[in-house]
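Have a look at the structure below, then the notes.
Worth knowing before you read on, the calculation uses all heavy atoms, side chains too, and leaves out hydrogens, waters and symmetry mates. Computed from a predicted structure; not experimentally measured.
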Amino acid sequence: MPRRQMRVTGAAQAPLRAALRALRTELDVPDAFPPAVLAEAEAAAKDPRLPGRDATDLPFLTIDPPGSTDLDQAMHLTRRVGGGYRVHYAIADVAAFVTPGGAIDTEAHRRVQTLYFPDGRIPLHPAVISEGAASLLPDRTVPALLWRVDLDADGRRVATDVHRALVRSRARLDYEGVQRQLDTGTAEEPLTLLREIGTLRERLETERGGISLNVPEQEIVEQEGTYALEYRAPRPADGWNAQISLLTGMAAADLMTAAGTGVLRTLPTAPDGAVARLRRSARALGVEWPHHVSYATLVRTLDPSDTRHAAFLQDCTTLLRGAGYTVFTDGDIPDPAVHAAVADEYTHCTAPLRRLVDRYAGELCVAAVAGEEPPEWVRAALPALPQRMAEGSRRAGGVERGCVDIVEAALLKDRVGEIFDAYVVDVHDRDPAVGTVHLDDPAVVARVEGGTEPLPLGERLRVRLTQADPGRAKALFAPA
């Protein structure tokens, strides 16, 4: 999926950077890699474990945010003779560079996943690997886990294979450029196939009751020598690209469950009370939700550029809470084993440069296809993975929330007392005078409190900024 790219420039950097340093300390964010890790990474980058197969004849391409260098995935899409499609999906082979139990491996288990800050990222692996030797950068031959997933004419999966191979990407594209080519009719295959296959997979997602939320995101962007916050709604190309990753994650889950050992990404079905709460929210926001229409069907009718719909989509994310990882061994498949939003069995396996668990899922799938037992180092690590990933996810969530709070406060610190136009997107159940507002400009989402009347959910509201101090007090508003 697209990753939030946050950059900060301009004269106000100093207090902002001080607040970000404090956030790193507060969340116990890892610092620079130890010398032993860097030395091992340098050696591994020069002498990786290379596979015997060569797939460099396939003209892969990558789609990532501009400037990204830690490229986990590359794809090549073709039509099958006789109908249907073939998806080749190359995933960076981190295990070709990381020795189990070595310095890099130990440090990766401490870090768990890459963390993104406005002033830089804290990578899971040293840059010589994650942004160099293992990254699927264009015009370089690198080791990869090469997935081949065959689809029928309706986009349904009919065959899956994964093995190690050398691959070579030919082009590095970004989401905006891909969308522009598709919109203007200048795209050629395989980009046109991305839209074709992505649309078919979205249709199948609808059939099985899966849900992809197109929630507008806050983005911190450079703007005329300083920084700003903007809202960005996902592009169609973002969703089509995500469908290829989802397809691979579902195929991987099937391979592991058939083999009897694996790690799944699971999400329990939302309780009836949570859906009932969303229905009340829809009524308050003026979102029409007939009783005969399911939640999954409704979500697909919403337009994230409509402020009421955007607010409701943000509220829908509450149903995604509770996701985790479930390990199983020796055929003891968990029940249920599905991810409620995917509406199928699913796992994370397509981002091993940035997420620890994906390296293990990839190894399990390669072993399953080969008809072999998983490596002992994989089996030994499985029991502790769910807890380790949960801890890493909590820290990553804290980083993202903390960074946005700090940048919001930095943008507004000289405007305390000013009045802003906003939209009420959430009202607390216990205290209806407290809630959350979306500002029109800048793109700030913040708490509002201090009034005496219930907040008008789904309505416009003029609010006064009462506090904003990066590192000490996040932005807070009161009804004007």
Side-chain angles (χ1 to χ4, degrees), residues 89 91 93-95 98 100-101 105-106 108-110 112-113 124 145 147-149 156-164 204-205 208-211 245-272 274 319-352 354-394 396:
Y89 207 39
I91 305 300
D93 187 4
V94 174
V98 177
D105 186 35
T106 301
H109 278 77
R110 185 170 78 92
V112 183
Q113 65 185 81
L124 175 61
L145 302 188
W147 289 83
R148 188 190 71 222
V149 183
R156 299 181 189 277
R157 183 161 42 90
V158 296
T160 303
D161 178 66
V162 59
H163 56 263
R164 286 187 155 85
L204 293 174
E205 181 180 72
R208 67 176 185 269
I211 300 162
S245 182
L246 284 169
L247 167 68
T248 309
M250 293 162 68
D254 284 352
L255 288 177
M256 290 189 291
T257 54
T261 299
V263 53
L264 301 177
R265 181 65 167 167
T266 53
L267 175 68
T269 302
D272 290 341
L319 296 193
L320 303 181
R321 294 172 185 166
Y325 295 91
T326 302
V327 165
F328 59 96
T329 57
D330 303 320
D332 187 17
I333 312 299
D335 182 25
V338 302
H339 189 289
V342 179
D344 205 340
E345 293 175 352
Y346 171 68
T347 195
H348 280 156
C349 66
T350 63
R354 296 176 283 115
R355 194 168 48 209
L356 177 65
V357 70
D358 298 50
R359 169 159 52 107
Y360 289 90
E363 291 297 321
L364 289 162
C365 291
V366 169
V369 167
E372 301 172 352
E373 286 295 313
E376 182 53 36
W377 63 268
V378 173
R379 292 184 64 95
L382 284 180
L385 266 183
Q387 180 62 29
R388 194 169 296 278
M389 291 305 302
E391 292 168 357
S393 296
R394 280 195 293 271

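Listed for the R157 side chain is no donor-acceptor partner under 3.5 Å among the backbone atoms of V149. Here the side chain of D358 pairs a donor or acceptor atom with the backbone of A351 at under 3.5 angstrom. No donor-acceptor pair under 3.5 Å is formed between the side chain of T347 and the backbone N or O of A252.
Heavy atoms only, all atoms of each residue included: V357 and L385 are closest at CG2-CD1, 4.1 Å. When every heavy atom of A361 is checked against every heavy atom of H348, the shortest pair comes out as CB-O, 3.4 Å. When all heavy atoms of H109 and R359 are compared, the pair lying nearest together is CE1-NH2, 4.3 Å. Residues A396 and Q113 approach most closely at CB-NE2, 3.3 Å, considering heavy atoms. Scanning all heavy atoms of the two residues, the minimum distance from C349 to G249 falls at SG-CA, 4.1 Å.
Counting heavy atoms from C-beta outward, V378 and L364 have side chains that approach closer than 4.5 Å. Counting heavy atoms from C-beta on, the side chains of P386 and T326 never come closer than 4.5 Å. Side-chain contact check for M389 versus V112: some heavy-atom pair is nearer than 4.5 Å. Between Y360 and P374, every side-chain heavy-atom pair lies at or beyond the 4.5 Å cut-off. Contact of the C365 side chain with the W147 side chain is registered, since non-hydrogen atoms from C-beta on lie closer than 4.5 Å. The side-chain heavy atoms of L246 and Y346, taken from C-beta on, include a pair separated by under 4.5 Å.
Note that CH2 of W377 is 7.0 Å distant from CG of D105, once rounded to the nearest 0.5 Å. Atom-to-atom distance recorded for R388:CZ and Y325:OH is 14.0 Å, nearest 0.5 angstrom. In this structure, CD in E345 is found 4.5 Å from OG1 in T257, a value given to the nearest 0.5 Å. I211 contributes atom CD1, which lies 7.0 Å from atom CG of L319 (distance to the nearest 0.5 angstrom).
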Let me see the working for L255 and V162 under side chain to side chain contact (heavy atoms under 4.5 Å, CB included), right down to the final yes or no.
CA-CA 10 Å; L255 288 177; V162 59; 4.2 Å; yes

Pairs of donor and acceptor atoms involving the side chains of residues 327-344, under 3.5 Å and at least two apart or interchain, shall be tabulated with distances.
residue, atom, partner, partner atom, Å
D330, OD1, R379, NH2, 3.2
H339, ND1, A341, N, 3.3
H339, ND1, V342, N, 3.4

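Qualifying side chain to side chain donor-acceptor pair (under 3.5 Å) partners for H163, counting only residues two or more places apart in sequence or in other chains: R53, D161.
Side chain to side chain, T248 and T350 fail the donor-acceptor criterion of an N or O pair below 3.5 Å.
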